[in-house]
S.K.: 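Here it is, the structure, as structure tokens.
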Amino acid sequence: MGLPKYDVETARKMIHAFVPISRFNKGEAGKIIEEVKEDGIRVIVKNNVPECIMISVEEYDRSIQQKNNLLDLVVNRSKEEDEKRKAFIARIRKNVSAPIPPTADREEVMNRIGPIYVDEEAVNELRRISMI
């Protein structure tokens, strides 16, 4: 799988999407807003770190509509789907019990079991697996 290929116009838009905050300090906010309306998104950077993103009102409305459509899919589940979900949760709750509180303090447990030798390789593998 190689790197994605971009045409010159896409590369130009990507480069011009980054706007230093100093342009705002120089009174160019109106011009930047016009650029957003014409070309789309602008990423405002301060000390070469992205601080915020400017998008047009139309793009904002479109993203809110998409979000609402996704929420409608979740909220408007059929009664059958909702019953299946509730039954699944009930099965999980039935098979899971609350943890038993410890009956001994840490020092007592350590005296009882003695020193523990940790396999560093196994610990690193567990960390790696937990990140997946």
Side-chain angles (χ1 to χ4, degrees):
M1 180 160 81
L3 293 173
K5 295 184 179 180
Y6 297 102
D7 59 21
V8 173
E9 185 63 21
T10 303
R12 184 193 69 76
K13 283 186 176 184
M14 288 173 65
I15 291 169
H16 291 294
F18 292 92
V19 176
I21 200 162
S22 62
R23 284 189 59 196
F24 283 92
N25 297 336
K26 294 177 184 175
E28 294 184 33
K31 186 175 180 183
I32 295 169
I33 291 170
E34 288 303 315
E35 291 171 5
V36 169
K37 288 179 182 177
E38 290 173 16
D39 296 331
I41 193 169
R42 287 293 183 264
V43 179
I44 311 304
V45 294
K46 181 178 180 183
N47 299 324
N48 296 323
V49 176
E51 290 289 324
C52 66
I53 295 175
M54 289 180 67
I55 58 173
S56 66
V57 173
E58 293 81 17
E59 185 63 33
Y60 176 79
D61 289 340
R62 196 171 19 256
S63 66
I64 293 298
Q65 185 61 43
Q66 287 174 346
K67 176 185 168 203
N68 289 339
N69 289 343
L70 289 174
L71 288 175
D72 287 345
L73 291 174
V74 173
V75 172
N76 295 326
R77 286 188 290 254
S78 70
K79 189 173 184 177
E80 182 180 305
E81 289 172 325
D82 203 39
E83 291 300 319
K84 283 182 182 178
R85 184 181 64 81
K86 287 178 181 176
F88 177 72
I89 292 170
R91 280 196 318 270
I92 290 172
R93 287 184 176 155
K94 186 176 100 178
N95 293 321
V96 175
S97 59
I100 300 171
T103 56
D105 64 0
R106 183 180 188 284
E107 188 176 324
E108 184 181 333
V109 171
M110 293 306 290
N111 288 335
R112 191 179 321 148
I113 62 174
I116 300 172
Y117 299 100
V118 178
D119 180 354
E120 189 175 340
E121 206 171 299
V123 170
N124 289 335
E125 181 64 15
L126 285 171
R127 285 182 182 147
R128 186 189 69 77
I129 291 171
S130 69
M131 299 296 281
I132 296 175

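Not measured: the values here are computed from a predicted model.
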S.K.: When you check the gap from the basic side-chain N to the acidic O, do Arg62 and Glu59 get nearer than 4.0 Å?
M.R.: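 Salt bridge between Arg62 and Glu59, a charged N being under 4.0 Å from a carboxylate O: yes.
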
S.K.: At what distance, to the nearest 0.5 angstrom, does CD1 of Ile33 lie from CD of Glu38?
M.R.: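 Result: 12.5 Å between the selected atoms.
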
S.K.: What closest approach, in Å, do Phe24 and Ile44 show between heavy atoms, and which atom pair accounts for it?
M.R.: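 Looking at all heavy atoms of both residues, the closest pair is CE1-CD1, 3.4 Å.
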
S.K.: Can you tell me how far NZ of Lys26 sits from CD1 of Ile32, rounded to the nearest 0.5 angstrom?
M.R.: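 So the gap between those two atoms works out to 10.5 Å.
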
S.K.: Does one hydrophobic cluster hold both Ile41 and Phe18, with members joined at side-chain heavy-atom distances below 4.5 Å?
M.R.: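 Both belong to a single hydrophobic cluster.
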
S.K.: For the atom pair CD1 (Ile21) and SG (Cys52), what is the distance rounded to the nearest 0.5 Å?
M.R.: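 If we round to the nearest 0.5 Å, Ile21:CD1 and Cys52:SG are 6.5 Å apart.
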
S.K.: Give a yes or no on this: more than 12 heavy atoms of other residues, nucleotides or ligands lie within 6.0 Å of atom CG of Asn25.
M.R.: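 Yes, the 6.0 Å shell around CG holds more than 12 heavy atoms from other groups.
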
S.K.: Over all heavy atoms of both residues, which pair between Val43 and Pro50 is shortest? Give the atoms and the distance, please.
M.R.: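 Closest approach of Val43 to Pro50, heavy atoms only: CG1-CB, 3.8 Å.
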
S.K.: Before accepting this row, confirm whether a basic side-chain N of the pair Arg85/Glu81 lies closer than 4.0 Å to the acidic partner's carboxylate O.
M.R.: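 No, this pair does not count.
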
S.K.: Salt bridge check: are Lys79 and Glu83 linked by an N-O gap of less than 4.0 Å?
M.R.: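 Here Lys79 does not pair with Glu83 in a salt bridge, since their nearest N and O are not under 4.0 Å apart.
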
S.K.: I want to check something: taking the side chain as every heavy atom from C-beta on, are Val19 and Met54 in contact at a cut-off of under 4.5 Å?
M.R.: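 Not in contact.
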
S.K.: Please tell me if the side chains of Arg23 and Lys31 come closer than 4.5 Å, counting only heavy atoms from C-beta onward.
M.R.: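 Side-chain contact under 4.5 Å: yes.
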
S.K.: Is Glu80 atom CD crowded by more than 12 heavy atoms from other residues, nucleotides or ligands, each under 6.0 Å away?
M.R.: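 No - once you tally the heavy atoms of other residues, nucleotides and ligands closer than 6.0 Å, there are 12 at most.
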
S.K.: CG/Asn111 to CD/Glu107 distance, rounded to the nearest 0.5 angstrom?
M.R.: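 Result: 5.5 Å between the selected atoms.
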
S.K.: Please determine whether residues Val36 and Val57 belong to a single hydrophobic cluster, defined as Ile, Leu, Val, Met, Phe, Trp and Tyr linked transitively by side-chain heavy-atom distances below 4.5 Å.
M.R.: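 Shared cluster, no.
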
